[in-house]
A.B. asks: 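Here's a structure for you.
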Amino acid sequence: MSSSNEPKPTKKRSGRKRLPPLAPGPALQFVVASHPDDFKADDTMRNIRSHVMYKHRGEQHGVSPGDITKGGERSISAPPTTSTPSPTHANSENLQENNDFLAAMRRRSTIWDGESYNSMSHSAQAHPSRELAARIISATTLEPARSPSVGFGQTSEYPFLSNSSSNQESLEELKNLYIQNTELSQVDQAWLETICSTPMSFLSHVSVACVYHDVLEGLVEDGALTVYAKTKLLKMIKDSLQDFSTSTDDFIILSILHLLVSEFGGFDEDVFDVHQQGLVRIIHQRGGLNSLGHGGIATFLIIVMLSFTIIRGEVEPAMLHGFAPSPRQSTVMQHPPPISPLYPLHGDISSIYGHCSNGTYEIVHDMHELTQNFVARWNFVESAYPPSSSMELASFDISMQQIYTRLLLSSPPDDDLTTDWVYESCRIAALIYCRSIVQQVPLADSANVIHAPSPDTNILGITVIQALHNALNKTDTRSCWGDMSGVFFWVCLVGGAGSCPSTKSVYGEKDDGRVPAAWMRRGFVLHAVKSSTAYGYEHANAVVEAQRTMLQVQSLINSKDRITSQ
């Protein structure tokens, strides 16, 4: 018999060979792949784990990964720098400690504090909406409890902890609380009930809400809570795609759509393209838009995809050609139609009179007339007409030039305290829109000229698109201007298209000159999606008609060769 004090022989698992440790790499490393699945390759994940552990151990001892040698020795290094603060959750003390882990997959959030933007400080106390979002993320992902500390230098794996699995909140109660308080949909609770009916689609909507609050708080990139929500959402989407019964269902389409909304305006355009192409493939596998169920999903998809198309300056996807939302089966309309320069009800915008100032109404009326004349002018050119018709063409051109002249002579604000910021937002959006139509230049070119300040202000050097973004943020964006929601939608589409970069960024590369434009573009698209769906799909056909008119205007503006030849 062997003594009980003798050490027991250890058993090695068969078939497993421990690989030698990787040498420390540089402090900043990039992961490059040609397909999203390549990021989870064994070698790639091993390099990421090694890099994170070197960084973690280095921070514990005050050194950087590059200072750690194979023998465990370290050199003297400067104290670690303080990272940009991110919003934290009141019940998740370990959230900041997990930022390094999350940053291995996504860039850390930063704040744009340029002269013409609000730089908001972040308190330790989380905003109530973020606290609710964190609770929903925990409930939808059903993470088991983790011990806050396992040993020296070890921390919990997840930032949202619970004492036991029995303490998980009721998802149904959280859903009802979210529907009552979310700012992304004000009226149509039935549609929100559909969205929140599965954990994955529920989490996808929460992710968009997190991005919405990031933008409102001045965050250029995703905050820590947003990164966490998107990480969990991506995992749920991947799991659903691998399950034959859910790989093409309505809710995975809805979740990917929300993911696209939350990713729009980021620095990595290729990532957005990959998700969008995957969504198109799924819809083709389903048999097209008409095969989608739950009514509102196809309508939501075409509205969101057309908004993306307008803001990116592209042509309408072939998948959407000829599709129109199903008319609402109701004889009583609860909300007014979204009247705008792009959608006059029966050719008339007078129904918004009295819901805005006289100056605002005159601008909207002029932009409606400009749109009609511009489209009619080029439709007239494309048709067969005799040489004597040059007088008709000249009349269109003179009318459009007169509108532009009136707009240039319109009065800018004199005092921030008394300024009608709805009027000013419409005036600046009209300057971009009108200049592009009259001078035949893209909206982005018209939006990035220097804005002429009023005589009583000292603001110099900002562009027209920056001035529009500032003015819009001083209005009540949460209500989407109420009965003026159609005009608000038009302003957001003009602003989004005006902030579109002229060239796509290289994957993983961030150009500091593009930071303010990217942040503004995210804000414009979020406001556009919110305003187009905030009141449900009562007037979905009107929204789509307005979008297609905007696409027609952009197409005519960009047809330089044909225009020049006339």
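Note that these values count all heavy atoms, side chains included, but never hydrogens, waters or copies made by symmetry. Just so it is clear, the structure is predicted and the values come from calculations on it, not from any experiment.
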A.B. asks: When you look at CD of E173, are more than 12 heavy atoms from neighbouring residues, nucleotides or ligands closer to it than 6.0 Å?
C.D. replies: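 Open.
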A.B. asks: Between NE2 of H205 and OG of S262, what distance do you get to the nearest 0.5 Å?
C.D. replies: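 Answer for the NE2-OG pair, H205 versus S262, is 11.5 Å.
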A.B. asks: L443 and M550: side-chain contact (heavy atoms from CB on, under 4.5 Å), yes or no, with the steps?
C.D. replies: CA-CA 11 Å; L443 291 167; M550 185 70 174; 3.8 Å; yes
A.B. asks: Would you call L257 and V261 a side-chain contact if the rule is heavy atoms closer than 4.5 Å?
C.D. replies: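 They are not in side-chain contact.
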A.B. asks: Which heavy atom in I137 sits nearest to a heavy atom in A229, and how many Å separate them?
C.D. replies: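 Taking I137 first and A229 second, the nearest heavy atoms are CD1-CB, 3.6 Å.
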A.B. asks: Can you confirm whether T309 sits close enough to V315 that some side-chain heavy atom of one is under 4.5 Å from a side-chain heavy atom of the other?
C.D. replies: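 Sidechains of V315 and T309: no contact.
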A.B. asks: Can you name the side chain to side chain donor-acceptor pair (under 3.5 Å) partners of E316, sequence neighbours left out?
C.D. replies: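 E316 satisfies side chain to side chain donor-acceptor pair (under 3.5 Å) with R548 only.
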A.B. asks: Taking atom OH of Y228 and atom SG of C210, what is their separation to the nearest 0.5 Å?
C.D. replies: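 Output value for this atom pair is 12.5 Å.
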A.B. asks: Between E221 and D214, is there a side-chain heavy-atom distance shorter than 4.5 Å?
C.D. replies: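 No - every pair of side-chain heavy atoms lies 4.5 Å or more apart.
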A.B. asks: Just jot down the side chain to side chain donor-acceptor pair (under 3.5 Å) partners of S240, sequence neighbours excluded, or say none.
C.D. replies: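 With sequence neighbours excluded, S240 shows a side chain to side chain donor-acceptor pair (under 3.5 Å) to no residue whatsoever.
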A.B. asks: Identify the two heavy atoms, one from T140 and one from P199, that lie closest to each other, and give their separation to 0.1 Å.
C.D. replies: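 In this case the closest contact between T140 and P199 is CG2-O, 3.9 Å.
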A.B. asks: S255 side chain to I252 main-chain N or O, any donor-acceptor pair under 3.5 Å?
C.D. replies: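 A pair under 3.5 Å: no.
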A.B. asks: Please check this pair: side chain of T477 against backbone of N473, looking for a donor-acceptor N/O pair closer than 3.5 Å.
C.D. replies: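 Judged by distance alone, no pair lies under 3.5 Å.
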A.B. asks: Apply side-chain contact (heavy atoms from CB on, under 4.5 Å) to the pair C492 and L472, showing each step before the final yes or no.
C.D. replies: CA-CA 9 Å; C492 292; L472 186 67; 4.2 Å; yes
A.B. asks: Would a 4.5 Å heavy-atom cut-off, applied to side chains only, mark V529 and V208 as touching?
C.D. replies: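 No, side chains not in contact.
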A.B. asks: S555 side chain to L551 main-chain N or O, any donor-acceptor pair under 3.5 Å?
C.D. replies: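 Flag not set: sc S555 to bb L551 has no pair under 3.5 Å.
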A.B. asks: Quick one, L320 with L301, criterion side-chain contact (heavy atoms from CB on, under 4.5 Å). Give me CA distance, side-chain angles, the key distance, then yes/no.
C.D. replies: CA-CA 9 Å; L320 306 181; L301 185 144; 3.9 Å; yes
A.B. asks: To the nearest 0.5 angstrom, please state how far the OG1 atom of T248 sits from the CD1 atom of I283.
C.D. replies: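 Here the interatomic distance stands at 11.0 Å.
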A.B. asks: Under the side chain to side chain donor-acceptor pair (under 3.5 Å) test, which residues partner Q242, sequence neighbours left out?
C.D. replies: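 Not a single residue meets the side chain to side chain donor-acceptor pair (under 3.5 Å) criterion with Q242.
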A.B. asks: Which atoms form the tightest heavy-atom contact between A133 and V206, and what is the distance?
C.D. replies: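 In terms of heavy atoms, the two residues are closest at CB-CG1, 3.8 Å.
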A.B. asks: Applying side chain to side chain contact (heavy atoms under 4.5 Å, CB included), can you list everything that pairs with N290, at least two apart in sequence or on another chain?
C.D. replies: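 N290 satisfies side chain to side chain contact (heavy atoms under 4.5 Å, CB included) with F323 once adjacent residues are dropped.
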A.B. asks: Mind checking ring-ring contact (aromatic ring centres under 6.0 Å, His included) for F202 and listing every partner two or more places apart, or none if nothing turns up?
C.D. replies: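 Per chain and number, F202 pairs via ring-ring contact (aromatic ring centres under 6.0 Å, His included) with Y178.
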A.B. asks: Between Q547 and I303, is there a donor-acceptor pair closer than 3.5 Å when you use the side chain of the first and the backbone of the second?
C.D. replies: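 Judged by distance alone, yes, a pair lies under 3.5 Å.
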A.B. asks: Looking at CZ of F489 and OG of S532, how far apart are the two atoms once the value is rounded to the nearest 0.5 Å?
C.D. replies: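 Here the interatomic distance stands at 4.5 Å.
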A.B. asks: Side chain of K530, backbone of R478: donor and acceptor closer than 3.5 Å?
C.D. replies: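 Answer holds: yes.
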A.B. asks: How about I297 and W191: do any of their side-chain heavy atoms sit closer than 4.5 Å?
C.D. replies: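 Heavy-atom side-chain distance check passes, below 4.5 Å.
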A.B. asks: S204: which residues meet the side chain to side chain donor-acceptor pair (under 3.5 Å) condition with it, sequence neighbours left out?
C.D. replies: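 Checked S204 against side chain to side chain donor-acceptor pair (under 3.5 Å); matches are H258.
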A.B. asks: Nearest 0.5 angstrom please: I302 CD1 to L289 CG, how far?
C.D. replies: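 I302 atom CD1 to L289 atom CG measures 6.5 Å (nearest 0.5 Å).
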A.B. asks: Considering non-hydrogen atoms only, spot the tightest contact between P338 and Y343 and give its length.
C.D. replies: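 Smallest heavy-atom distance, with atoms named: O-CD2, 3.8 Å.
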A.B. asks: Minimum heavy-atom separation for L493 and S307, please, with both atom names.
C.D. replies: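 Answer, listing the atom of L493 first, then S307: CD2-OG, 4.4 Å.
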A.B. asks: Would you verify whether the NZ or CZ of R522 falls within 45 degrees of the ring axis of F264 while also being under 6.0 Å from that six-membered ring's centre?
C.D. replies: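 R522 over F264 ring: no.
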A.B. asks: Can you give me the closest heavy-atom contact between G496 and S499, atom names plus distance?
C.D. replies: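 Nearest heavy atoms, G496 then S499: O-OG, 3.0 Å.
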A.B. asks: Can you find a heavy atom in the side chain of V525 that is under 4.5 Å from one in the side chain of R312?
C.D. replies: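 When only atoms from C-beta onward are counted, R312 and V525 do not touch, as no gap falls below 4.5 Å.
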A.B. asks: Assess whether a salt bridge exists between D249 and R286, defined as any Lys/Arg side-chain N lying under 4.0 Å from an Asp/Glu carboxylate O.
C.D. replies: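 No, D249 and R286 are not salt-bridged.
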A.B. asks: What verdict does the side-chain contact (heavy atoms from CB on, under 4.5 Å) test give for K230 and V211, after you've listed the backbone C-alpha separation in whole Å, the side-chain angles of each residue and the deciding distance to 0.1 Å?
C.D. replies: CA-CA 10 Å; K230 287 185 181 180; V211 175; 3.8 Å; yes
A.B. asks: Would you say the side chain of E217 lies within less than 4.5 Å of the side chain of R130, judging by non-hydrogen atoms?
C.D. replies: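 Answer yes - side chains close enough.
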A.B. asks: Would you check, one step at a time, whether the test side chain to side chain donor-acceptor pair (under 3.5 Å) holds for T198 with S201?
C.D. replies: CA-CA 6 Å; T198 71; S201 56; 2.6 Å; yes
A.B. asks: Could you give the distance from CD1 (I311) to CG (L306), rounded to the nearest 0.5 Å?
C.D. replies: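 Going from CD1 on I311 over to CG on L306, the span is 11.0 Å.
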A.B. asks: Any side-chain heavy-atom pair from V280 and P317 closer than 4.5 angstrom?
C.D. replies: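 No, too far: nothing below the 4.5 Å cut-off.
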A.B. asks: Ring centroids only, cut at 6.0 angstrom: are H469 and F524 within range, meaning strictly under it?
C.D. replies: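 Aromatic pair counts; centres sit under 6.0 Å.
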